[in-house]
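Notes follow once the structure below has been shown.
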Number of protein chains: 2
Amino acid sequence: MPRTTDGDGTPVPQRLLAAATRLFAEQGYDRTSVQEIVEAAGVTKGALYHYFGSKDDLLHEVYARVLRLQQERLDAFADSDDPVESRVREAAADVVVTTIENLDDASIFFRSMHQLSPEKNKQVRAERRRYHERFRALIEEGQRTGVFTKETPADLVVDYHFGSIHHLSTWYRPDGPLSPQEVADHLADLLLRALRP
Amino acid sequence: MPRTTDGDGTPVPQRLLAAATRLFAEQGYDRTSVQEIVEAAGVTKGALYHYFGSKDDLLHEVYARVLRLQQERLDAFADSDDPVESRVREAAADVVVTTIENLDDASIFFRSMHQLSPEKNKQVRAERRRYHERFRALIEEGQRTGVFTKETPADLVVDYHFGSIHHLSTWYRPDGPLSPQEVADHLADLLLRALRP
DNA sequence: TCGTACATACCGACTGGTTAGTCTGGTGCC
DNA sequence: GGCACCAGACTAACCAGTCGGTATGTACGA
């Protein structure tokens, strides 16, 4: 019997993370017991506490994964040579698509942040802020160069758009009429139209 | 000793509700124990379970209060004789102001809905839907009469705007640079600009 | 090619603490 | 005397995390 896998081929830590993600999204962090997680992953508590320091650690891992992914994608779009308008549109649409494609992560992200331990919460907020500021810088660039209206503070614009991202996990259903890309295009349109001078 | 009041003049049920609201907003529903609530209200469990059937009931009361308030206000704006554009702007701005003025209720509303018992959750969703539809009807009216663009489905527009409402409790701080009314005006501006044909 | 030593990966019973809700009883008003 | 109002001890369930133990693999000297 190999060490880190069992049953199917995926390593135990990943199985635990996947089970935890699904259960946290379905029932919420506090309502999900460690026992449920290990049963869903087909292992026992011993395995979980071998790989993770605490239940809190598991939640933190989910956050780290999401944050890394989103930041990487934003950076890629922001660094391109396209005009600001395109960069904003692409970044705004992309975050919608990736959020919908990882709706479980998203609902955990926005619902369970305050259940992280204070220090981990602080850390997550700091990374989140980096993301926010990168996006804001894009908006500000557009405002300086006259492509976007200056009527609304860039900070507010970012919060406006991310509100809708935040909200996706509340209303979006995969079996609904719109594909992730269609929703993304519409939401990016709304943002860009709101920014027209 | 009078029946329903004690210590200060406010009746016990209201004291319980106020204490619960504050604690739910601060710590979340699951992390708040019934013991904490009764201590904050200056009574004991006997009193709480005399007036409320369960901890869940208490949460439901918070929802009922918020829903009633918001629906009343929306109806008032929607029923006016002003042009659609004004009605949408006023309704959109008003919900921002009342949300900020009751930020505790708002954060509970958006964070703890899924911890309600299934039937109460269903009930809340139904009332929420009524609200959504009333707002959507306003947008659709504007689209029919050519005041608003038809490019984005009205449903999506409503979700877009309510995403930003939803998000308010995450970022708005009373000691920040913007007053509730200023935030409301900006957010309403963004919506109206996004709706320009 | 054994044998010993050590590390990694995991099991599952157990512990100490917490929790929502119940129940018995008491008190003052009508 | 009855009823609304409330106190607070009690119960049954649950839960995160611990810990001693087992099984498997790897390194290495003789």
Side-chain angles (χ1 to χ4, degrees), chain A residues 1-21 23-24 26-62 108 112 114-121, chain B residues 1-21 23-24 26-62 108 112 114-121:
Chain A
M1 188 88 55
R3 303 286 183 65
T4 46
T5 84
D6 175 84
D8 56 18
T10 42
V12 171
Q14 291 180 33
R15 288 224 309 279
L16 282 165
L17 216 51
T21 302
L23 289 167
F24 289 165
E26 272 171 19
Q27 321 178 337
Y29 177 78
D30 282 322
R31 301 252 170 136
T32 302
S33 70
V34 170
Q35 195 57 42
E36 282 179 284
I37 298 171
V38 297
E39 272 167 25
V43 293
T44 61
K45 286 196 181 185
L48 192 152
Y49 284 98
H50 177 70
Y51 291 108
F52 299 94
S54 62
K55 187 186 172 188
D56 187 80
D57 246 36
L58 217 42
L59 180 58
H60 185 69
E61 278 302 312
V62 177
I108 296 172
S112 305
H114 57 299
Q115 352 233 27
L116 273 172
S117 71
E119 53 176 310
K120 293 204 183 93
N121 194 311
Chain B
M1 188 92 51
R3 299 287 179 65
T4 46
T5 84
D6 174 85
D8 56 19
T10 41
V12 170
Q14 291 181 32
R15 288 223 309 279
L16 282 165
L17 216 52
T21 302
L23 290 167
F24 289 164
E26 272 171 21
Q27 320 178 340
Y29 177 77
D30 282 321
R31 303 252 168 137
T32 303
S33 71
V34 170
Q35 195 57 42
E36 281 179 285
I37 298 171
V38 297
E39 271 167 25
V43 293
T44 61
K45 285 197 180 186
L48 191 152
Y49 283 97
H50 178 72
Y51 291 109
F52 301 93
S54 62
K55 188 186 172 188
D56 188 80
D57 247 35
L58 217 43
L59 180 57
H60 185 69
E61 278 303 312
V62 177
I108 297 172
S112 306
H114 57 298
Q115 351 234 27
L116 272 173
S117 72
E119 52 175 313
K120 293 206 184 91
N121 194 311

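Note: hydrogens, waters and symmetry copies are ignored here, and every other heavy atom, side chains too, is used.
- Evaluation of the side-chain hydrogen bond (donor to acceptor under 3.5 Å, both in side chains) rule for B:Glu39 yields B:Gln35 as partners, not counting sequence neighbours.
- Across the protein-nucleic acid pair, B:Tyr51 atom OH and C:dG21 atom C1' stand 18 Å apart, rounded to whole Å.
- A:Val62 has its side chain out of reach of A:Leu58: every pair of non-hydrogen atoms, C-beta onward, lies at least 4.5 Å apart.
- Along DNA chain D, the nucleotide closest to A:Asp56 and the one closest to B:Leu48 are compared, and the more 5′ of them pairs with B:Leu48.
- The side-chain contact (heavy atoms from CB on, under 4.5 Å) search around B:Asp56 returns B:Tyr29, B:Ser54, B:Leu116, B:Ser117, B:Lys120, not counting sequence neighbours.
- Under a 3.5 Å cut-off, the side chain of B:Arg31 and the backbone N or O of A:Gln115 do form a donor-acceptor pair.
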Taking N or O atoms only and anything under 3.5 Å, show me the protein contacts with nucleotides 24-27 of chain C, one pair per line.
none

What side-chain donor-acceptor pairs closer than 3.5 Å can you find for residues 40-50 of chain B, not counting sequence neighbours?
none

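- Contact check, B:His50 against D:dC6: no side-chain N or O comes under 4.0 Å of OP1 or OP2.
- Not one N or O on the side chain of A:Lys55 forms a donor-acceptor pair closer than 3.5 Å with the backbone of A:Ser33.
- In terms of heavy atoms, B:Thr21 sits closest to B:Leu17 at OG1-O, 2.7 Å.
- Atom-to-atom, CG of B:Leu58 to P of C:dA20 comes out at 11 Å; the value is rounded to the nearest Å.
- Residues passing the side-chain contact (heavy atoms from CB on, under 4.5 Å) test with B:Glu26, sequence neighbours excluded: B:Arg22, B:Leu23.
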Per-nucleotide protein contact along nucleotides 8-16 of chain D, 5' to 3', at a 4.0 Å heavy-atom cut-off (B base, S sugar-phosphate only, - neither), is B------SB
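- Between the CD1 atom of B:Ile37 and the P atom of C:dT19 there is a distance of 11 Å, given to the nearest Å.
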